[in-house]
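Okay, so here's the structure we're looking at.
Values below: every heavy atom of this structure, side chains too, minus hydrogens, waters and symmetry copies. Since we're looking at a predicted model, the values are computed, not measured.
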Amino acid sequence: MDFRLLRRLGHFLAVAEEGHFGRAAARLGLSQPPLTAQIQALEAELGVRLLERTRKGARPTREGEALLPLARRVAEDAGALEALAGEQRAGRHAPVALACVTSGLFDHLPPLVRALRAARPEAAIAVREMDTADAVEALRRGEVDIALLRLDRDRLPVRVLPLGEDMLVAALPEGHPLLAAYPEALPLSALAGAPLLTLPRSISPAYFDALVAACRAAGFEPRGVREVGSAMAQLGFVASGLGVALVSSGMARIHPPGVVFRELRGPIRAVGVALAWNEERQSEAAEDVLRVARQVFNGPATLRPGA
């Protein structure tokens, strides 16, 4: 890792956010000439001009604007690395790395993390948002200890502990005709022919296959399907009137503006959130999380490795 590049990226972000070299220098605790030199060195290293001076201060060039989102992510990751190292220097050991799907961020992750902090106050906890497929691979590679994901069965060496049932609900834009036609539960067949916004099958094959199977059982093949990259994108597209979606009931608790949720007649089960771990990489941290999870989600108090 080139720490000089990280530092210079931080200088670039400061100027871009402050819109002024002098204010950015004060924020960083530098004088202005060294800050200017660092920006020039970064521009020379990257081979593009990042900032241009204006009468009021400075602003990013078109190239600088394009690089800003990535520079922010790099800076955030570097900050997380520094914070984790600081916690370990302070005596916290056996850090826990968790992965979590978007739909588990509100119902499942908060109680698990709170209970884990109570049980292991000395442990540093790192959480990464991932889709199911990426989380499974992260478990296989040992990049995370535990994952909250949507998986219906073991994918050895990845084992799963289901955390309860979940149901599909329909997400429709405000004012959609089906909302007036079905003020209570909506038959899934009513969505036949509607433009359906789905996640790619590669993100969570089990969840996608269960959704398609439910549509077929209702007598139709999903049509007008448009794939989006995340569960949050699904809701944003629905709110924009670009289609309807079938989502887990947990997503309905977010209450995004412009989206109305309807229960489905049946009800229709979705692949629920499960806790997953790699039984070939059974770390102390993973065993502790599994034990805590069993208590949080009303399971047995103990869990043998690999059980």
Would you say the side chain of [Y] lies within less than 4.5 Å of the side chain of [X], judging by non-hydrogen atoms?
| X | Y | answer |
| --- | --- | --- |
| P157 | R140 | yes |
| V289 | V96 | yes |
| L246 | L188 | yes |
| V48 | L67 | yes |
| T132 | I203 | no |
| Y207 | L168 | yes |
| E263 | E184 | no |
| R128 | E143 | yes |

Main-chain N/O of [Y] paired to [X] side chain as donor or acceptor, under 3.5 Å:
| X | Y | answer |
| --- | --- | --- |
| Q234 | L197 | yes |
| R262 | Y182 | yes |
| D154 | L156 | no |
| D166 | A270 | no |
| T61 | R49 | yes |
| R281 | E279 | no |
| Q38 | R8 | no |

* Asked: Residues in side chain to side chain contact (heavy atoms under 4.5 Å, CB included) with E174, at least two apart?
  -> V260

Transitively linked via ILVMFWY side-chain contacts under 4.5 Å: [X] with [Y]?
| X | Y | value |
| --- | --- | --- |
| L6 | L68 | yes |
| L116 | W277 | yes |
| I146 | V136 | no |
| L163 | M167 | no |
| V238 | V169 | yes |

What distance separates [X] [atom1] from [Y] [atom2], expressed to the nearest 0.5 Å?
| X | Y | atom1 | atom2 | result |
| --- | --- | --- | --- | --- |
| H11 | I39 | NE2 | CD1 | 7.5 Å |
| L161 | L151 | CG | CG | 12.0 Å |
| I254 | M232 | CD1 | CE | 4.5 Å |
| R159 | R153 | CZ | CZ | 13.0 Å |
| R155 | L139 | CZ | CG | 13.0 Å |
| L5 | L46 | CG | CG | 6.5 Å |

Check the surroundings of atom [atom1] in [X]: do more than 12 heavy atoms from other residues, nucleotides or ligands lie under 6.0 Å from it?
| X | atom1 | result |
| --- | --- | --- |
| R141 | CZ | yes |
| R269 | CZ | no |
| R59 | CZ | no |

Mind listing the closest non-hydrogen atom pair of [X] and [Y] along with its distance?
| X | Y | answer |
| --- | --- | --- |
| L242 | P195 | O-CB, 4.4 Å |
| L199 | G229 | CD2-C, 4.3 Å |
| A274 | P162 | CB-CA, 3.9 Å |
| L191 | L186 | CD2-CD2, 4.1 Å |
| V160 | A276 | CG1-CB, 4.1 Å |
| A245 | L196 | CA-CD1, 4.0 Å |

* Asked: Yes or no on side-chain contact (heavy atoms from CB on, under 4.5 Å) for F12 and L51, after CA distance, side-chain angles and deciding distance?
  -> CA-CA 8 Å; F12 163 58; L51 293 163; 3.9 Å; yes

* Asked: side-chain contact (heavy atoms from CB on, under 4.5 Å) between R294 and L275: does it pass, once the steps are laid out?
  -> CA-CA 10 Å; R294 287 276 184 155; L275 201 71; over 6 Å; no

* To do: Determine, step by step, whether E63 and E43 satisfy the side-chain contact (heavy atoms from CB on, under 4.5 Å) criterion, reporting the C-alpha distance in whole Å, the side-chain angles of both residues, the deciding distance to 0.1 Å, and the verdict.
  => CA-CA 10 Å; E63 293 82 0; E43 290 176 329; over 6 Å; no

* Evaluate the criterion side-chain contact (heavy atoms from CB on, under 4.5 Å) for residue pair L35 and V15; output intermediate values, then yes/no. => CA-CA 9 Å; L35 174 60; V15 178; 3.9 Å; yes

